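To start, the structure under review is shown below, and the notes come after it.
For the numbers below, each heavy atom of this structure counts, side chains included, while hydrogens, waters and symmetry mates do not. It should be emphasised that the depicted structure is a prediction, and the values quoted were computed from it without experimental measurement. Numbered from 1 within each chain, the chains take letters A, B, ... in sequence-line order.
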Amino acid sequence: MQLLLINMGNNLENIRVRFAPSPTGYLHVGGLRTALYNFLFAKKNNGKFILRIEDTDRNRYVEGAVENLISALKWCNLQFDEGPDIGGKFGPYLQSQRLEIYKQYIQMLITEGKAYYCFCTQERLEALREEQLKQKLPQAKYDKHCLGLNKDDITKKLNEKIPYVIRLNVEPNNKITFEDIVRGRVEFESNNIDDQVLIKSDGYPTYHLANVVDDHLMEISHVIRGEEWLSSTPKHVLLYDSFKWQRPIFAHLPLLLNPDRSKLSKRQGDVAVEDYRSKDFLNDALVNFVALLGWNAGDDKEFYYLNELIEKFSLERVNKAGAVFDLDKLNWLNAEHLRKKTDDEILLMLKESILNSQFSTFNYKDFYLLQIISAMKERVSFVNEYLSKSPYFFEAPKAYEEVSVLKNWNRETPQQLEELKLEFSLLENPSKEDYEHALARVSEKLNIGKGKLIHPLRLALSGISTGPGIFDIAFIIGKDEVLKRIDTALKLINLPK
RNA sequence: GGCGCGUUCGUCUAGUGGUCCAGGACGCCGCCCUCUCAAGGCGGAGAUCACGGGUUCGACCCCCGUACGCGCUACCA
């Protein structure tokens, strides 16, 4: 009976995963993808998603980076259950505040002979490396020089305050094997593994020690991280085994790539979540897009909301190969998500956009903006395109697209537009249809095609040749404005001789 | 150099031994719709499944090798 309750293997009942970035600036889209998969896996399995900051490199610390990371995560709606700002049962969640813990655990390793003090100077290390390089050894490795030190030597050096590091004692001639959910079985030769530094001379742990100790203490069940960690996983496995701790389940995710297939980098475009946010991308679209970079549900569905991703996600369906970040597809997804928003949702965003634009001093009525939204909705991919693609709704045109003038404006046009203006001026509270009928009457009267009137009218009202139906535009800006803009155009547009 | 991982249309991908002379999406091109531009609908071009050997009656799918790419190779994460 009792045996049935004991389950030593990892199972899906107590899922705890973590996103563990180092605070070097902002959230990288690759980091977002890692965070997302962790989040999706946790939520799908009723588990916990934890944010832990790996700030054990004091040289790399960037002011405000943690706040930045958190706000980017929140913008993407990846709410974590435990973390530096909200706390939790397993805190603190900043590694720099856990130094005492690492010291305590490293002592266990030293006692067991699994780790040892190393007093070698930087100079000796460099000389060693150079020598090994000269001998064309397959690989530069520490020579375990300090492993030979006896207790007295060590206490003496310690008392003399000679700087030291603590190294992992890797036993030779072993095979180190582990299972990875996305890669399957992975095997390494212990001879190829260096005696990694675990505690640096400044007393801080390296990533390798800290991540293992914390993952164990925080009861992390699955380590889901980027492929760049695959090569150091055997060191972590060695550490788990040395501590006699159960290993978590590993899943190493494929990398995100530049168009030239190198690792996604700043040089070739935007890499920070913030960059996309400031370029008017929707959080839903970014998350949707990034989710599909390395994972798919096995069907043809491409449009997802976060809750749908949670429902469908599984680590088993994560791909092995790196994925190029294709901006075209992100743009498309953004347009898709934007069109699915309600007009009221867009209204809020549009007002925000106006505030940050050249039109910030104008005061548009919600009712007016809503009309613009319904006219432009299927013509924009980004909220700010309401302004850039149809500025004429926000301000009367001051100039007229040249090619369109050349194409649609001829000697007879002014006369014809005068006629149209007259007909329009007779209208009372005109609807779209009223404008349309009025224009039809004029075209009939002058015996010319409607196009002869429509295109110049479009030019006069909008200054450009693209946009919603011309009668919609007329209706939205209103009769007074229509008449005014025709007058202005008549005055400003002069055909070249 | 060593070790590890990977390789299906330009890109993201489906595919788990026969239903694939390989399906979908983005992008591109054409047609329809139409006052323009979009959106939408329809259609098209686009992959000798990196290459070479096996295994098998049969391989994109399994095995081996090669090439290429990427990652790691720090007292960085």
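Residue Asn192(A) places none of its side-chain N or O atoms closer than 4.0 Å to OP1 or OP2 of G2(B). Here Asn319(A) reaches the OP1 or OP2 of A14(B): one of its side-chain N or O atoms lies under 4.0 Å away.
Taking atom P in both U11(B) and A50(B), one finds a spacing of 13 Å when rounded to whole Å. The gap from the C1' atom of C70(B) to that of G24(B) amounts to 27 Å, rounded to the nearest Å. Rounded to the nearest Å, the gap between the P atom of U48(B) and that of C5(B) is 27 Å. Using C1' as the reference atom, C37(B) and G46(B) are 28 Å apart when rounded to the nearest Å. Using atom P as the reference point in both C3(B) and A74(B), the two lie 16 Å apart (nearest Å). One C1' atom belongs to G69(B), the other to C63(B), and the distance between them is 23 Å to the nearest Å. Comparing C49(B) with A14(B), their C1' atoms sit 12 Å apart, to the nearest whole Å.
Annotation: of the two residues near RNA chain B, Gly298(A) and Gly451(A), the 5′-most nearest-nucleotide partner is Gly298(A).
In this structure U66(B) sits in a base pair with A50(B), meeting the Watson-Crick or G-U test at under 3.5 Å. Nucleotide G71(B) has C3(B) as its partner under the Watson-Crick or G-U criteria, with both atom distances under 3.5 Å.
Between Phe19(A) and Phe80(A), the distance from one ring center to the other does not fall under 6.0 angstrom.
Between Tyr276(A) and Phe281(A), the ring-plane angle classifies as perpendicular under the 30° and 60° cut-offs.
Nucleic acid contact class of Arg261(A) (heavy atoms, under 4.0 Å, all strands): sugar-phosphate only.
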Reading nucleotides 72-77 of chain B from the 5' end, what letters show protein touch, with B for base, S for backbone sugar-phosphate only, - for no heavy atom under 4.0 Å?
S-SBBB
